[in-house]
Structures are given as C-alpha cells and as structure tokens.
Engineer: 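One structure coming up, written as structure tokens, with questions to follow.
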Amino acid sequence: MKSPVPDYLDEVLDSLRDDTSGANADYIPELAEADPERFGMALTTTLGRTYAAGDADTEFSIQSISKPFAYAAAIIDRGLDRVLDAVGVEPSGEAFNELSLEGGTHRPKNPMINAGAITAHSLLVGAEAGQDDRVDRAVTFFSRLAGRDLRVDERVCASELGSAHRNLAIAYMLRTYGILDGDVPSVVEGYTRQCSILVSVRDLSVMAATLATGGIQPVTGERVMDPAIARHVMSVMATAGMYDAAGDWLTRVGIPAKSGVAGGIVGVLPDRVGIGTFSPRLDSFGNSQRGRLAFERLSKDMGMHLFSSDQGRLDAVDVSESRGTVTFALQGNIQVTAASELLDLMAESDGAADVVLDVTRVHSFSDVARRMSLEGLRRLRLDGRKVAVRDPSGVLPNPDLGDGSYPDAV
Ligand code: GLN
C-alpha cells in the first residue's frame with residue numbers, strides 16, 4: 001500500500017493552486033523574476049520521516065526564515081545572556097523592515113525583524129569574527145540542520161545588495177547606539193548572504209523538525225542544539241515570526257512559524273512536526289499567500305494548533321485492590337497532571353495495604369513526573385507501607401527513592 005499522507009498533501013496544494021492573489025516581492029529584483037506558480041510543501045515528523053508534495057525540491061532563497069536559525073546559532077556561540085543584551089524578545093507588531101528599538105536599551109525588539117536579525121548575525125562565532133566566519137557559520141549550521149550541504153545564491157545576494165539601503169540604515173542606527181559592533185557594510189553583506197542561502201521545502205521541514213525534537217536532527221540523529229535553546233527559539237517564532245500578522249497567525253494557525261520574502265514559510269509544532277511551504281506570491285503582510293492558506297488547512301485538518309486540547313480527559317491512573325495489595329497502574333506519557341493525580345490517589349489510599357506502582361503501560365515519564373512518583377513511594381514507605389514497582393520494560397530506570405534506597409521489583 002501507499003501512505004495516504006503525500007496524497008493528502010497533494011490535495012491541499014491542488015485545492016489552493018487557483019489562488020493567484022498577492023505578488024512576488026519586488027524590492028529584490030531577482031525575487032520579482034521568480035516563477036510565481038511554484039508551489040510545494042513538505043512535512044517532517046520528529047521520527048525523521050518526510051512527506052512532500054508539489055515543487056518539493058525547488059530551491060529558493062531562505063531570506064527571513066534564516067532568522068530563527070541564525071538566532072539559535074548566535075545563542076550557541078555567545079550564550080543567551082549576551083544575545084539578550086543586544087536583542088529583545090518582545091513582539092513588535094510591525095513590518096519586518098521596521099526600525100523598532102526598545103526605549104531605554106535601544107535593543108531591537110526581537111530577532112525576527114531585520115534590526116534584530118542583523119544584530120544576531122553580527123554576534124555569530126565571536127567578537128573577533130569577520131564576515132566570512134559568520135557566513136560560514138550560518139551555512140554550516142543550516143546544513144547540519146537540513147542534513148545536506150547548502151550554499152549561497154550569489155545572484156540573489158548581489159541583487160539584494162544593490163538595494164540594501166534600508167538594512168544599511170538600520171545597521172548604522174544600531175551602530176550609533178553601540179548595539180552593533182564592527183564594520184556596518186560588512187555586517188549587512190554577511191546578513192544578506194545568510195538570507196541568500198538556498199533551501200527547498202524539504203530542507204525547511206527537516207530544519208524545523210530539528211527544533212520540534214528539542215534540538216536533535218531527526219534524520220542524522222545529531223544533537224545540534226540544547227533543548228532550552230530550541231524552546232527559546234520556538235517561543236520567539238510563536239510571538240514574532242509572522243511580523244504584524246503574528247497574533248492572527250497564532251490564533252488561526254497556532255503553529256510557531258517564520259516567513260521569508262522569497263515565498264517560503266517554516267513552521268514547527270513541538271514534539272510533532274516541522275513543515276515547509278513555498279509559493280512566491282506574498283500577501284499584504286509579506287507572508288506567502290498560498291503558503292499561509294496551506295498552513296491553515298493543515299492546522300485544521302490535522303489538529304495541529306499548538307493550543308488545541310484534543311487529548312480529551314486522560315484517565316492516566318487506575319487503582320485496584322486485591323488481597324492486601326493496592327496497585328496504582330499508570331499508562332501513556334506521564335506528565336505532571338497524571339503524577340499529581342497519582343499522588344492524591346496514593347494519599348487517599350487505605351493505610352494498611354502493600355503498594356505496587358505498575359508502569360507496564362507507560363511509554364515515558366517527564367522528569368518531574370518521575371520525581372513526583374518516586375516521592376509518593378518514598379512517603380508511603382515512611383508511613384510503614386511496603387512499596388514495589390512493576391516495570392517490565394524499564395521506563396523508570398534507577399528508581400532511587402531519594403535516600404539511596406529502592407522499591408522492590410515485582
Ligand atoms: N533579506 C531580506 C531583507 O533583509 C529578508 C526579509 C524577509 O524575508 N522578510 O529585507
């Protein structure tokens with residue numbers, strides 16, 4: 001049999017192909033000339049499987065979609081504190097090329113608008129780095145995220161540099177406030193090269209899936225960044241990724257995302273998928289028109305809104321008692337909700353019986369849920385109860401009760 005997922009993606013593209021509203025970006029001459037009919041989409045799961053439809057291997061310049069990934073690299077290279085000193089994390093609600101600086105600190109409001117992204121680019125590698133070092137860093141890092149060697153499109157880069165007056169103005173302004181160090185034209189040129197790296201929607205979906213896993217490239221298995229950095233970057237994408245349409249996007253689509261003027265959009269749903277779309281015509285906010293509609297469909301059809309609560313009520317804890325033993329059976333992925341429930345049911349359980357915590361049907365514990373569950377066992381034992389764990393597949397390895405002692409195994 002053939003998986004229906006690619007067929008579904010084909011159908012989504014077909015249903016939107018007739019929408020020819022919007023227009024290619026024209027302030028970068030090369031982009032104005034791109035074929036506006038191109039339309040592709042790819043989705044990569046955190047298990048590393050990619051599904052693609054339409055022009056999935058067509059390359060286009062990454063443009064602003066480079067911003068979250070370069071920001072991640074800057075945090076890796078310089079540390080979060082240094083990066084936060086230079087660039088804030090507040091949504092600006094303004095267009096991508098707006099020069100919005102925070103009152104007082106003069107920091108750009110966030111790394112998704114050009115002012116913040118140029119600053120983040122300037123922080124790559126280290127204080128002594130030159131333009132080539134920073135561009136190499138971006139190309140190499142993006143290549144690791146995508147799992148293949150990416151390169152800069154020199155024509156697009158030259159085309160944008162010919163009219164980069166606004167970005168130069170932004171960067172000179174940042175330089176006067178001491179937010180940006182170094183040679184302004186060289187920083188802007190490096191940033192423009194970063195924006196000119198060529199990707200396909202397939203690449204974007206894998207890059208985003210690497211954020212979705214918390215930093216592990218799902219195809220190569222390489223850890224590319226710490227989970228805390230992936231989480232930080234996804235948060236900024238959620239609040240500021242879609243510029244002045246960020247609120248509309250988050251409520252309607254609910255997938256942290258970033259768009260680029262070449263017509264790409266990347267989206268990431270933590271623990272689930274990375275998504276890339278490409279269609280060059282842009283809406284009035286500078287986001288790909290058909291790409292936006294494709295994300296809306298996907299979010300609706302596949303229940304992909306970040307805030308959708310489609311898990312239903314979870315009956316995670318089952319309590320049963322027989323012959324002087326009370327068994328607490330857990331199932332699924334145990335998070336703080338189920339662990340809290342377990343602790344209350346343990347507290348309510350009758351005082352004499354032996355206790356078994358049965359985790360046979362558990363897939364995983366979050367760190368805190370694990371500690372909470374073990375603390376429950378420790379307290380029951382302090383009350384004089386006999387405590388044991390049934391864990392045939394080892395989802396609770398090393399169940400130290402916090403005092404160096406262990407429950408019995410049954
Ligand atoms: N290189 C473009 C710029 O700096 C990127 C903008 C975008 O994709 N929104 O203007």
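What you see is a predicted model; the values in this text were computed from it and never measured. All ligand and atom numbering here is 1-based and tracks the order in the structure. Only this structure's heavy atoms are used, side chains among them; waters, hydrogens and symmetry mates stay out.
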Engineer: Do the rings of Phe60 and Phe278 sit parallel, tilted or perpendicular, given the 30° and 60° boundaries?
Structural biologist: parallel
Engineer: Using a 4.0 Å heavy-atom cut-off, which part of Asn167 comes near ligand 1: side chain, backbone, both, or neither?
Structural biologist: side chain
Engineer: Can you label the angle between the Tyr177 ring and the His106 ring as parallel, tilted or perpendicular, going by 30° and 60°?
Structural biologist: parallel
Engineer: Under 4.0 Å from a heavy atom of Asn114: which atoms of ligand 1 are those, numbered in the order shown and with their elements?
Structural biologist: 3 (C), 4 (O), 10 (O)
Engineer: Heavy atom to atom 3 (C) of ligand 1, shortest distance: which of Lys258, Arg166, Glu160 holds it?
Structural biologist: Glu160
Engineer: As an exercise, identify every atom of ligand 1 less than 4.0 angstrom from a heavy atom of Cys195.
Structural biologist: 1 (N)
Engineer: Side chain, backbone, both or neither: which part of Val261 has a heavy atom under 4.0 Å from ligand 1?
Structural biologist: both
Engineer: Out of Asn110, Val83, Thr119, Ile76, which one pairs with Tyr71 under the side chain to side chain contact (heavy atoms under 4.5 Å, CB included) rule?
Structural biologist: Val83
Engineer: How far is atom 10 (O) of ligand 1 from its nearest protein heavy atom, and which residue and atom is that?
Structural biologist: Tyr27 OH, 2.6 Å
Engineer: Quick check: are there more than 12 heavy atoms from other residues, nucleotides or ligands sitting under 6.0 Å from CZ of Arg385?
Structural biologist: yes
Engineer: Which residue from Ser64, Gly264, Ser259, Ala262 reaches closest to atom 8 (O) of ligand 1 through any of its heavy atoms?
Structural biologist: Ser64
Engineer: May I ask you to check whether over 12 heavy atoms, not counting those of Arg17, lie within 6.0 Å of atom CZ?
Structural biologist: yes
Engineer: My understanding is that we take every heavy atom of each candidate and find the minimum distance to atom 1 (N) of ligand 1. Doing that for Lys67, Arg193, Gln194, Gln63, which one comes out nearest?
Structural biologist: Gln63
Engineer: Of all the atoms in ligand 1, which lie at a distance below 4.0 Å from a heavy atom belonging to Tyr191?
Structural biologist: 3 (C), 4 (O), 5 (C)
Engineer: Under a 3.5 Å cutoff, is there a donor and acceptor pairing between the side chains of Thr337 and Gln335?
Structural biologist: no
Engineer: For the side-chain hydrogen bond (donor to acceptor under 3.5 Å, both in side chains) test, which of Arg290, Arg38, Gln289 pairs with Ser279?
Structural biologist: Arg290
Engineer: Of all the atoms in ligand 1, which lie at a distance below 4.0 Å from a heavy atom belonging to Gly260?
Structural biologist: 8 (O)
